[in-house]
Engineer: 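I have a structure I would like to understand better, so I am pasting it below and will then ask my questions one at a time.
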Amino acid sequence: MKAQDDEEDARAMGAMGRETAVDEIRDARAARDELRAALAEVGVRLPSLGLDLVSLASPHLTPLVDLGRCRPDVARRLASALRAGGGGTQ
């Protein structure tokens with residue numbers, strides 16, 4: 001019986017791990033979307049904004065939002081928008 005219980009616990013933990021991973025990916029997507037919307041409000045578009053594929057594939061990493069690359073003029077607009085926004089929260 002002990003081996004069977006251990007096997008069931010392992011399966012349940014695996015399912016919980018998958019559920020947690022799915023929740024973390026949903027959270028990262030929501031954060032990306034919130035950032036995209038906030039940037040659009042100040043006229044900034046980061047064309048490479050997305051989710052980091054390496055962190056999505058890893059069972060050990062929290063999914064990351066990848067800010068990607070942008071042209072220098074876009075970086076300056078972003079810097080200006082951040083300065084104008086004042087001291088936001090971290």
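Since this is a predicted model, take the numbers as computed values, not measurements. The basis for the numbers below is simple: all heavy atoms, side chains too, and nothing from hydrogens, waters or symmetry mates. The first residue of the sequence shown is numbered 1, and numbering continues consecutively from there.
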Engineer: In terms of side-chain geometry, is the basic nitrogen of Asp33 or Arg36 positioned less than 4.0 Å from the acidic oxygen of its partner?
Structural biologist: yes
Engineer: Do Leu78 and Val42 make a side-chain contact, defined as non-hydrogen atoms from C-beta onward lying under 4.5 Å apart?
Structural biologist: no
Engineer: Report yes or no: do Leu39 and Leu64 belong to one cluster of Ile/Leu/Val/Met/Phe/Trp/Tyr joined by side chain heavy-atom distances under 4.5 Å?
Structural biologist: no
Engineer: What heavy-atom pair brings Ser48 and Gly68 nearest, and what distance separates the two atoms?
Structural biologist: CB-CA, 3.5 Å
Engineer: If you take all heavy atoms of Pro63 and Ser55, which pair is closest and at what distance?
Structural biologist: CA-OG, 3.5 Å
Engineer: Is there a continuous path of hydrophobic side-chain contacts, each under 4.5 Å between heavy atoms, that joins Val44 to Leu82?
Structural biologist: yes
Engineer: Which pair of heavy atoms, one from Arg77 and one from Gly43, lies closest together, and at what distance?
Structural biologist: NE-O, 3.2 Å
Engineer: With heavy-atom distances below 4.5 Å as the criterion, would you say the side chains of Val65 and Asp52 are in contact?
Structural biologist: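 No. Closest side-chain heavy atoms not under 4.5 Å.
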Engineer: When rounded to the nearest 0.5 angstrom, what is the spacing between CZ in Arg32 and CG in Leu51?
Structural biologist: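 Reported value, rounded in 0.5 Å steps: 4.5 Å.
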Engineer: For Val74 and Arg45, which heavy atoms make the closest approach, and how far apart are they?
Structural biologist: CG1-O, 3.6 Å
Engineer: In Å and rounded to the nearest 0.5 Å, what is the CG to CG distance from Leu35 to Leu67?
Structural biologist: 6.5 Å
Engineer: Does any part of the side chain of Leu56, heavy atoms only, come nearer than 4.5 Å to the side chain of Ile25, both counted from C-beta?
Structural biologist: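 With C-beta onward as the side chain, the pair touches.
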Engineer: Between atom CG of Leu46 and atom CZ of Arg71, what is the distance when rounded to the nearest 0.5 Å?
Structural biologist: 10.5 Å
